[in-house]
Asks: 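Sharing a structure here in structure tokens format.
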Amino acid sequence: MNPALTIANKEYSLANRSLSTYIIYGVYLLVCGIWFALNALKIGAADMRGIFGVMHTLFLFFIPALTMGSIAKERSTGTLELISTLPIKLSHIVWGKFLGVLFQLVTVLLFTLVFVLLISLFGIGVDYGAIFTGYLGLLFAGAAFIAIGMFASSLTDNQVLAFIIAFAISGALFIIGRIGNLIPLKLFATIEYFGFDYHLESFLKGVIDSRDLIWFAAVTIIFILLAQFRLQAQNLSQER
Amino acid sequence: MLAVKNLSRSFGDIKAVQNISFTADKGEIVGFLGPNGAGKTTTLRMMVGYLQPDSGTIELDGENVFDNPLAASARIGYLPELNPLYNEMTVEEFLRFIAALRKMKEPYLSERLEFVRDNCGLDEVWKQKIGTLSKGYRQRTGLAQAIIHNPDLLILDEPTSGLDPNQILEIRELIRELGENKTVILSSHIMQEVQALCSRVIIIHKGQIIVDDSIENLSSYISETTQIVLELEAENPDFQPWLEQYPQVQLTDIEPKDDHLALRFTIPIEMDLRKELSAFVSEQGWYLISMYRETQSLEEIFHLLTSEEPFYTEEEEKEEEEEVIEGEEISSEEVNESEAEPEEETISLKETEEKAQEESSTKEQK
């Protein structure tokens with residue numbers, strides 16, 4: 001097995017043994033569920049856009065909570081030193097950890113399929129295509145959030161600080177799309193491009209635009225590489 | 001097998017390791033001894049590739065570790081300081097995880113798992129979570145992790161710290177067995193450990209090697225003389241005829257002890273005159289009760305070598321350099337005369353000897 005997959009597997013199975021993971025999952029699903037119960041059913045619209053928006057917004061808290069320990073905790077307990085001296089590359093460690101959290105995100109998103117089930121039972125004219133692309137968009141956006149969180153986690157060995165840094169960076173990228181009425185329109189048109197909302201929009205409409213895929217992939221790769229450089233810069237090892 | 005050459009590493013202004021060179025061969029257990037903060041862990045971390053040196057090389061069988069770090073780390077087993085482990089995993093899961101990252105495959109994997117389970121005494125806790133283990137079992141798990149791939153070079157950073165005396169003995173026994181066909185480098189700040197385990201000791205202080213020699217030779221770094229204490233039953237023994245044969249020897253002390261006498265001879269370190277002494281005593285018809293050679297304990301040596309601050313003044317350092325050059329010349333002549341010893345080793349021994357003598361003389365001056 002690829003070392004990155006071995007690490008991803010370990011990350012995922014260890015996360016599943018931790019009570020805090022279930023609390024994080026639970027809170028996330030609970031808030032989404034409450035919103036869904038209060039709004040979607042009342043309106044009676046066979047539409048997932050609203051709930052997708054909430055799910056995306058909650059990523060701001062949910063994903064930093066999942067990623068905050070990924071590197072910071074291993075560094076503070078010293079196990080990072082242990083795995084860094086094995087014959088694997090640093091990129092294996094970083095990407096493995098990324099995949100581990102991504103599996104967690106997929107797990108939680110699977111639970112939200114309940115909403116799809118309810119809508120398909122009670123709604124009329126459900127656009128399954130848009131639901132599919134919506135999930136795909138959330139997955140891509142989630143990957144970008146995870147990469148940001150991992151980078152934050154690589155900066156410090158304090159998990160709380162890692163959470164705050166991740167929240168600040170992803171919050172900045174999140175808020176850009178919502179400050180349209182605060183800044184000049186011309187300027188907004190330029191910086192809007194750097195917001196998550198702008199790129200998620202077409203996914204929610206049921207359109208997969210390769211530019212949006214590339215944008216999310218680029219953010220993911222850049223922050224994962226930054227995390228890797230950060231570990232390298234600490235001279236964990238040379239050219240691993 | 002392992003050759004470390006001119007290794008240096010600083011953290012900001014702090015020179016953690018300065019120009020360290022040494023070698024270690026297969027079947028050797030080398031003790032890396034030094035007070036806390038001497039640079040032991042930094043050196044070990046560079047050897048396993050976790051830290052990069054500012055300058056210098058580390059060679060495994062002639063190949064630079066940093067040229068191909070992955071291939072090198074496949075041959076190295078490492079037990080980090082404080083023995084970090086994943087508390088949520090069971091012992092078996094943890095070892096399988098490490099083995100998977102080391103790309104070990106069946107049936108070799110099962111064979112090695114069985115080996116470490118039996119040899120590290122992990123049978124009882126095999127399915128137990130690491131977080132619930134006692135410190136002794138944790139340490140064994142750490143050691144099992146380090147040897148699971150049967151490495152050529154085993155690097156152990158304070159392997160027995162925090163263990164109770166029985167656990168220490170067990171771990172030492174295990175390390176001793178492992179050391180028979182591997183190169184083991186182990187760091188410690190505990191004298192007895194090094195004395196009990198290692199064939200060779202490297203004392204490191206303020207990032208520099210101040211002694212690199214076998215345990216037996218260590219005492220010679222402090223004084224040029226040793227003492228032979230002789231206890232015998234005789235009335236007014238006269239050693240004058242014997243002492244005339246050996247002008248370097250002095251009878252320094254005679255004191256009555258119970259119903260016999262204790263005599264103390266001071267002789268040069270390179271001489272061992274016990275045989276001659278006992279022959280003389282029996283010639284004279286005296287009763288020999290006991291005779292022993294007094295050597296300084298490793299603890300004293302360590303204390304003497306590392307307690308002074310600053311270790312070198314600048315002037316002393318210059319003198320030191322000059323002396324080293326002289327020392328090299330002398331030693332290379334010696335090598336020509338007797339080719340029994342490899343040249344490199346002789347030089348390093350001389351150098352450190354010089355340092356130690358320098359050290360003891362400055363101590364005396366104070």
Side-chain angles (χ1 to χ4, degrees), chain A residues 1-22 69-97 99-100 104 154 157 159 228-240, chain B residues 9-11 16 41-42 44-54 58 64-90 93-94 96-105 129-131 141-142 145-146 148-149 151 153 155 157:
Chain A
M1 195 156 51
N2 186 297
L5 288 179
T6 307
I7 289 182
N9 182 29
K10 169 229 131 195
E11 290 288 315
Y12 186 65
S13 62
L14 283 194
N16 286 346
R17 288 178 202 183
S18 156
L19 182 64
S20 61
T21 309
Y22 292 104
S70 69
I71 294 171
K73 191 180 164 203
E74 289 228 26
R75 182 156 45 215
S76 63
T77 60
T79 46
L80 191 64
E81 180 177 352
L82 187 70
I83 56 173
S84 301
T85 53
L86 296 175
I88 54 173
K89 294 181 176 174
L90 265 187
S91 59
H92 288 141
I93 297 175
V94 181
W95 282 105
K97 285 178 171 294
L99 282 178
Q104 286 178 260
S154 76
D157 52 10
Q159 293 193 51
Q228 193 184 322
F229 291 156
R230 166 71 187 156
L231 294 188
Q232 241 156 10
Q234 287 183 315
N235 256 351
L236 294 180
S237 54
Q238 189 185 38
E239 288 166 14
R240 284 202 181 182
Chain B
R9 167 79 203 205
S10 311
F11 296 103
T41 298
T42 307
L44 297 188
R45 280 181 168 171
M46 286 192 280
M47 284 199 267
V48 295
Y50 183 65
L51 266 179
Q52 211 177 304
D54 295 336
I58 299 164
N64 192 343
V65 168
F66 296 101
D67 287 345
N68 191 348
L70 298 191
S73 58
R75 298 183 58 193
I76 301 174
Y78 178 44
L79 176 67
E81 199 181 10
L82 307 175
N83 187 22
L85 301 167
Y86 293 102
N87 288 335
E88 302 86 353
M89 287 184 175
T90 69
E93 281 171 332
F94 173 69
R96 282 186 184 277
F97 169 64
I98 296 291
L101 289 179
R102 287 193 175 278
K103 302 206 174 68
M104 289 167 65
K105 301 225 159 54
K129 270 197 182 170
I130 291 171
T141 309
Q145 163 274 124
I148 189 145
H149 56 299
L153 173 63
I155 294 174
D157 201 349

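Just so we're on the same page: letters track the sequence lines, and every chain starts at 1.
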Asks: Would you sort out whether B:Ile98 and A:Leu86 count as a side chain to side chain contact (heavy atoms under 4.5 Å, CB included), showing the intermediate values?
Replies: CA-CA 8 Å; B:Ile98 296 291; A:Leu86 296 175; 3.9 Å; yes
Asks: The criterion is side chain to side chain donor-acceptor pair (under 3.5 Å); which residues satisfy it with A:Gln159, sequence neighbours excluded?
Replies: none
Asks: CD of A:Glu81 to CG of B:Asp157: how many Å apart, nearest 0.5 Å?
Replies: 7.5 Å
Asks: Please round to the nearest 0.5 Å and tell me the distance separating atom CG of B:Leu101 and atom CG of A:Leu82.
Replies: 9.5 Å
Asks: Hey, which residues of residues 6-14 of chain A are touching chain B, say heavy atoms under 4.5 Å apart?
Replies: A:Thr6, A:Ile7, A:Lys10, A:Leu14
Asks: Decide yes or no for A:Ser18 and B:Glu88: does some side-chain heavy atom of the first lie under 4.5 Å from some side-chain heavy atom of the second?
Replies: no
Asks: Under 4.5 Å from any heavy atom of chain A, what part of B:Met46 do you find: side chain, backbone, both or neither?
Replies: neither
Asks: Starting at CG of B:Leu82, measure out to OG1 of A:Thr77 and round the result to the nearest 0.5 Å.
Replies: 10.5 Å
Asks: Highest number of heavy-atom pairs under 4.5 Å with chain A: which of B:Ala100, B:Pro80, B:Gly142?
Replies: B:Pro80
Asks: I'd like to check the ring pair (Phe, Tyr, Trp, His ring centres under 6.0 Å) partners of B:Phe94; sequence neighbours left out, ordered by chain and number.
Replies: none
Asks: How long is the gap from NZ on A:Lys73 to OH on B:Tyr86, to the nearest 0.5 Å?
Replies: 9.5 Å
Asks: Which atoms of B:Arg45 are under 4.5 Å from chain A, going by heavy atoms: the side chain, the backbone, both sets, or neither?
Replies: side chain
Asks: Output the distance between atom OG1 (A:Thr85) and atom CD1 (B:Ile155), rounded to the nearest 0.5 Å.
Replies: 9.5 Å
Asks: Identify the two heavy atoms, one from B:Ser73 and one from A:Pro87, that lie closest to each other, and give their separation to 0.1 Å.
Replies: OG-CA, 3.2 Å
Asks: Can you name the residues that form a side chain to side chain donor-acceptor pair (under 3.5 Å) with B:Lys103, not counting sequence neighbours?
Replies: none
